[in-house]
Amino acid sequence: MHLVIGATGATGKLVVRNLLQLKESVKALARTPAPLAEFLGADTDLKLLAVETGSLLDMSPEELQRIVQGCSSVIVCLGHSHPTAPPLNLVTDAVRAITSAVSANKEPVRLILLNTAGTIRSGEPPRPFMERLFVGTLLKPNLPAVYDMQNAADLLASLPADPLLEWSVVRPCWMTDDAETEFETHEDVTASFFVRFKSSRPNISRFITQLATSPDLWGQWKGKMPLIINKI
């Protein structure tokens, strides 16, 4: 069973569809799940889909533990409706709540966090000066969502090694709704933020689906923050 949080979002709904097409059992958490059923359509076999209605941050620890229980992977596709809209710590607080639920349940879980290429991995080669100036002085102070994504990734990276909780932070570049294509993954950001590499949501969702279902790919990227870009 795979739990998808943010299942009605632009990327989350694609992940749900991909998993169902692979005949994987899916639990979808969304505040208003009706758009998900509409997106999946009548041609999708919904027997493997369980829907949970609610907001993760409004749940009690016990309720979240119940939802996470029995799931081999938890896929977080949350995003801010606007870079300055509350809750400002949406993703960080969600990751914190999920890790607490996993710890309480004492069942092994793979946590996959959809993030952004604006997040800097500790030990990553320094980015160009103008990019650091732009992100550090303009983006992060004025767009709290950028801080939230960085803090959520840092939270996972700071966790002590735990056989019950493995994680991977997926970092797309400029996200688009372009068609599915070949894509590349890299451990480090390979070029300046301003080059505007693109990452289509179909490609992002396919990579996330592969992470959740392929032991070999998971072994390659667990504990890391892969950058995903469309292949040029």
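Predicted model only: the values in this text are computed from it and were never measured.
- Under a hydrophobic-cluster definition in which Ile, Leu, Val, Met, Phe, Trp and Tyr are linked whenever side-chain heavy atoms come within less than 4.5 Å, directly or via other members, Leu57 and Val76 are assigned to the same cluster.
- Side-chain heavy atoms closer than 4.5 Å link hydrophobic residues (I, L, V, M, F, W, Y) into clusters, and following such links, possibly through other members, connects Leu40 to Ile208.
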Which side-chain N or O atoms in residues 94-103 pair as donor and acceptor under 3.5 Å with protein atoms at least two apart or in another chain?
unit_1: Arg96; atom_1: NH1; unit_2: Asp93; atom_2: OD1; d: 3.1
unit_1: Thr99; atom_1: OG1; unit_2: Val95; atom_2: O; d: 3.1
unit_1: Thr99; atom_1: OG1; unit_2: Arg96; atom_2: O; d: 2.9
unit_1: Ser100; atom_1: OG; unit_2: Arg96; atom_2: O; d: 3.1

For this session: Could you walk me through whether Trp167 and Arg110 pass side chain to side chain contact (heavy atoms under 4.5 Å, CB included), step by step?
Result: CA-CA 6 Å; Trp167 57 267; Arg110 297 173 178 175; over 6 Å; no
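- The distance from atom NE2 of His2 to atom OG of Ser25, rounded to the nearest 0.5 Å, is 7.5 Å.
- More than 12 heavy-atom neighbours from other residues, nucleotides or ligands sit within 6.0 angstrom of CD on Glu62.
- Remark: Thr185 engages no residue in a side chain to side chain donor-acceptor pair (under 3.5 Å) (not counting sequence neighbours).
- Side-chain contact between Leu78 and Ile5 is present, with at least one heavy-atom pair separated by less than 4.5 Å.
- A continuous path of ILVMFWY side-chain contacts below 4.5 Å connects Leu46 to Phe39, so both sit in one hydrophobic cluster.
- Applying the salt bridge (charged side-chain N to carboxylate O under 4.0 Å, His left out) rule to Arg201 yields the partners Asp177; only residues at least two apart in sequence or on another chain are considered.
- A donor-acceptor pair is defined here as one N or O able to donate and one able to accept, closer than 3.5 Å; such a pair exists between the side chain of Arg171 and the backbone of Glu187.
- Between Gln150 and Ile120 there is a side-chain heavy-atom pair separated by less than 4.5 Å.
- Residues Leu114 and Leu36 share a hydrophobic cluster, clusters being chains of Ile/Leu/Val/Met/Phe/Trp/Tyr side chains in contact below 4.5 Å.
- In this structure, the side chain of Ser199 does not engage the main chain of Pro172 through any donor-acceptor pair within 3.5 Å.
- Across all non-hydrogen atoms, the minimal contact from Leu19 to Thr213 is CD2-CG2, 3.8 Å.
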For this session: Please lay out, stage by stage, how Val74 and Ile112 fare under the test side chain to side chain contact (heavy atoms under 4.5 Å, CB included).
Result: CA-CA 6 Å; Val74 176; Ile112 301 170; over 6 Å; no
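- For residues 40-54, the set of pairs meeting the side-chain hydrogen bond (donor to acceptor under 3.5 Å, both in side chains) definition, not counting sequence neighbours, comprises Glu52-Arg66.
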For this session: Could you go through the side chain to side chain donor-acceptor pair (under 3.5 Å) check for Asp216 and Ser214 one step at a time?
Result: CA-CA 5 Å; Asp216 289 343; Ser214 168; 5.4 Å; no
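- No side-chain heavy atom of Thr209 sits under 4.5 Å from any side-chain heavy atom of Phe207.
- Grouping the Ile, Leu, Val, Met, Phe, Trp and Tyr side chains by contacts below 4.5 angstrom, directly or via other members, places Leu165 with Leu155.
- Nearest heavy-atom pair, Pro87 versus His80, reported as atom, atom and distance to 0.1 Å: O-CE1, 3.2 Å.
- Between Leu156 and Leu113, some side-chain heavy-atom pair lies under the 4.5 Å cut-off.
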Exercise. Does the side chain to side chain contact (heavy atoms under 4.5 Å, CB included) test come out yes or no for Val16 and Leu49, once each step is laid out?
Worked result: CA-CA 9 Å; Val16 172; Leu49 177 64; 4.2 Å; yes
Show me the side-chain donor-acceptor pairs of residues 219-231 shorter than 3.5 Å, one per line, residues at least two apart or across chains.
unit_1: Lys222; atom_1: NZ; unit_2: Glu166; atom_2: OE2; d: 3.3
unit_1: Lys224; atom_1: NZ; unit_2: Gln220; atom_2: O; d: 3.4
unit_1: Asn230; atom_1: OD1; unit_2: Ser200; atom_2: N; d: 2.9
unit_1: Asn230; atom_1: OD1; unit_2: Asn203; atom_2: ND2; d: 2.9

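- Closest non-hydrogen pair, Ala152 versus Val91, comes out as CB-CG1, 3.6 Å.
- Side-chain contact check for Ile75 versus Leu211: every heavy-atom pair is 4.5 Å or farther apart.
- Looking only at distances, a side-chain donor or acceptor of Thr116 sits under 3.5 Å from a matching main-chain atom of Gly118.
- Taken from CG in Leu29 to CG in Leu64, the straight-line distance is 8.0 Å, to the nearest 0.5 Å.
- A pairwise comparison of heavy atoms in Lys106 and Leu164 identifies CA-CD1, 3.6 Å as the closest pair.
- Using a 4.5 Å cut-off on side-chain heavy atoms (C-beta onward), Val68 and Leu3 make contact.
- Distance OG/Ser72 to CD/Glu107: 10.5 Å, rounded to 0.5 Å.
- Shown here for Thr119 and Ala153, the closest heavy-atom pair between the two residues is CG2-CB, 3.6 Å.
- In plain terms, the two heavy atoms of Phe197 and Cys173 that are nearest each other are O-CB, 3.1 Å.
- Looking at heavy atoms from C-beta onward, Leu20 lies out of side-chain contact with Asn18 at the 4.5 angstrom threshold.
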Side chains of residues 7-14: which donor-acceptor partners sit under 3.5 Å, not counting sequence neighbours?
none

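- At a threshold of 4.5 Å between non-hydrogen side-chain atoms, the residues Asn115 and Val170 do not count as touching.
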